[in-house]
Structure formats: structure tokens, C-alpha cells
Trainee: 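I am attaching a structure below and will ask some questions about it afterwards.
Computed from a predicted structure; not experimentally measured.
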Amino acid sequence: MSRYWLCIITPENYKIMVRKLVWGVKDRHRKRLYEAKPGDKLVMYLKGEKKIMGVFEVESEPFYDETRIFLGDVFPHRVKVKPVLLSDKGVEITKLLDKLEIFRGKKKWVGVIQGKAMVPIGENDYAVIVKALEEIT
């Protein structure tokens, strides 16, 4: 059964991810990444821009690679991914907050994702995000 993840990434590293088709995290986030399995969906949230830009599917088991491809850090714990739905403009996450269960009832929604690389989300949240992305793509 597929799982769904909200993944936090910088705009610069998102561009690299789209080009290289690899998602990576730091050592401190490795346990979460190793929960991801082929077929899982990664919803990519650009921090700073506060936008959801697209969805990728995990294509490989997690692996370790110290090759520098990302900016700012190595992010050596990785999975190969393939694009499922990408947007040029992205969806502002603030427009979806009242529809997403992960943030419902939270005064400070940013606290749910702050300091994290990936957070599990439910199937309903995934469906809301995909619908929003499809409407602008």
C-alpha cells in the first residue's frame, strides 16, 4: 500500500531534484526516508516560497550516496523518483490549509513541518493537493 509524504525542499534543490530525479535527506532525517518504499508519493513543498510544486513517485529502495549534487549539503540518504504531476506555478500552501487534515486546528501550521524533511500525510490530504495542482496545470 502506497504512503504519501509532504517533503520540504529549497527552490534550488527542487530544480536539481527535477533534473536528477533523486530526493535526498540529511543524516538526522534518514529514519523517515527509510520508511519510504517504491510506489510512495512525495509531495514537494518549496520552503521560502510556501508553494507545493509537484508530486513524485519513489522508484527505488533508499540508498546512501555522498556524491554532491544538491546545494548546501550532501543529503546522502536518497531515493530515485519519477515525476507524477509537476506545476510551473505551484499551489500556495496557505490556500489549502483549511482543507488539509495535517494542519487542521493548528494555530502555527509551519510548526508541523519546521525542521523536518518529510512528514506523512493521509490519502485525503494527498487528493486535495493533487486536485489543486491539476486545476492550475
Trainee: Report the C-alpha distance between Val55 and Tyr4 in whole Å, list the side-chain angles of each, state the deciding distance to 0.1 Å, and finish with yes or no for side-chain contact (heavy atoms from CB on, under 4.5 Å).
Mentor: CA-CA 10 Å; Val55 178; Tyr4 308 98; over 6 Å; no

Trainee: Going through the checks in order, is the salt bridge (Lys or Arg N to Asp or Glu O under 4.0 Å) test met by Lys131 and Glu135?
Mentor: CA-CA 6 Å; Lys131 183 174 187 269; Glu135 287 173 358; 3.0 Å; yes

Trainee: Which pair of heavy atoms, one from Leu33 and one from Arg78, lies closest together, and at what distance?
Mentor: CD2-N, 3.4 Å

Trainee: Rounded to the nearest 0.5 Å, how far apart are NZ of Lys51 and CE of Met44?
Mentor: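 If I round to the nearest 0.5 Å, the distance is 16.0 Å.
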
Trainee: Rounded to the nearest 0.5 Å, what's the gap from CD1 on Ile129 to CD1 on Ile93? Could you check?
Mentor: 6.5 Å

Trainee: For Lys116, does the NZ atom sit with more than 12 other heavy atoms under 6.0 Å from it, leaving out its own atoms?
Mentor: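 Atom NZ in Lys116 is packed in, count exceeds 12.
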
Trainee: What's the separation between atom CZ in Phe70 and atom CG in Asn13, rounded to the nearest 0.5 Å?
Mentor: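 Reported value, rounded in 0.5 Å steps: 6.0 Å.
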
Trainee: Please give me the minimum heavy-atom distance between Val25 and Ala117, naming the atom from each residue.
Mentor: CG1-CB, 3.7 Å

Trainee: I'd like to know if the side chain of Asp125 reaches the main chain of Glu101, judged simply by a donor and an acceptor atom lying under 3.5 Å from each other, with no hydrogens or angles considered.
Mentor: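 Side chain of Asp125 to backbone of Glu101: a pair is present.
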
Trainee: Find the distance between CD1 (Ile121) and CG (Leu42) and round it off to the nearest 0.5 Å.
Mentor: 9.5 Å

Trainee: Locate the shortest heavy-atom distance separating Pro62 from Val79; write the atom from each residue and the value.
Mentor: CA-CG1, 3.6 Å

Trainee: Establish whether Ile8 and Ile52 are linked, either directly or via other cluster members, by ILVMFWY side-chain heavy-atom contacts under 4.5 Å.
Mentor: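 Same cluster: Ile8 reaches Ile52 through Ile, Leu, Val, Met, Phe, Trp or Tyr contacts under 4.5 Å.
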
Trainee: Do Ile69 and Ile9 belong to the same hydrophobic cluster, where Ile, Leu, Val, Met, Phe, Trp and Tyr are linked whenever their side-chain heavy atoms lie under 4.5 Å apart, directly or via other members?
Mentor: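 Hydrophobic grouping puts Ile69 apart from Ile9.
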
Trainee: Can you name the nearest heavy-atom pair linking Pro76 to Asp27, along with the distance?
Mentor: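 Taking every non-hydrogen atom into account, CG-OD1, 4.1 Å.
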
Trainee: Verify side-chain contact (heavy atoms from CB on, under 4.5 Å) between Leu96 and Phe103, making sure each step is shown before the conclusion.
Mentor: CA-CA 9 Å; Leu96 300 178; Phe103 299 120; over 6 Å; no

Trainee: Apply the test side-chain contact (heavy atoms from CB on, under 4.5 Å) to residues Met53 and Tyr45: give CA-CA distance (whole Å), side-chain angles for both, the deciding distance (0.1 Å), then the verdict.
Mentor: CA-CA 6 Å; Met53 293 303 291; Tyr45 167 77; over 6 Å; no

Trainee: Indicate, with yes or no, if Leu97 and Val110 share a hydrophobic cluster defined by side-chain heavy-atom contacts under 4.5 Å among Ile, Leu, Val, Met, Phe, Trp and Tyr.
Mentor: yes

Trainee: Under the side-chain contact (heavy atoms from CB on, under 4.5 Å) rule, what do Lys47 and Thr10 come out as? Steps first, then yes or no, please.
Mentor: CA-CA 6 Å; Lys47 66 181 181 182; Thr10 65; 3.7 Å; yes

Trainee: According to a 4.5 Å side-chain heavy-atom criterion applied to Ile, Leu, Val, Met, Phe, Trp and Tyr, with indirect links allowed, do Tyr64 and Ile16 form part of one hydrophobic cluster?
Mentor: no

Trainee: Of all the heavy-atom pairs spanning Ile102 and Pro120, show the shortest one and how long it is.
Mentor: CD1-O, 3.9 Å

Trainee: Which heavy atom of Pro83 sits nearest a heavy atom of Leu21, and at what distance?
Mentor: CD-CD2, 3.7 Å

Trainee: Give a yes or no on this: more than 12 heavy atoms of other residues, nucleotides or ligands lie within 6.0 Å of atom NZ of Lys37.
Mentor: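 Atom NZ in Lys37 is crowded, with more than 12 foreign heavy atoms closer than 6.0 Å.
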
Trainee: Is it possible for you to say whether Val43 and Val22 belong to one hydrophobic cluster, with membership spreading through side-chain heavy-atom contacts below 4.5 Å?
Mentor: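 Cluster IDs for Val43 and Val22 differ.
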
Trainee: To the nearest 0.5 Å, what is the distance between CE on Met1 and CZ on Arg3?
Mentor: 8.5 Å

Trainee: What's the spacing between Cys7 SG and His29 NE2 if we round to 0.5 Å?
Mentor: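 Here the interatomic distance stands at 11.0 Å.
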
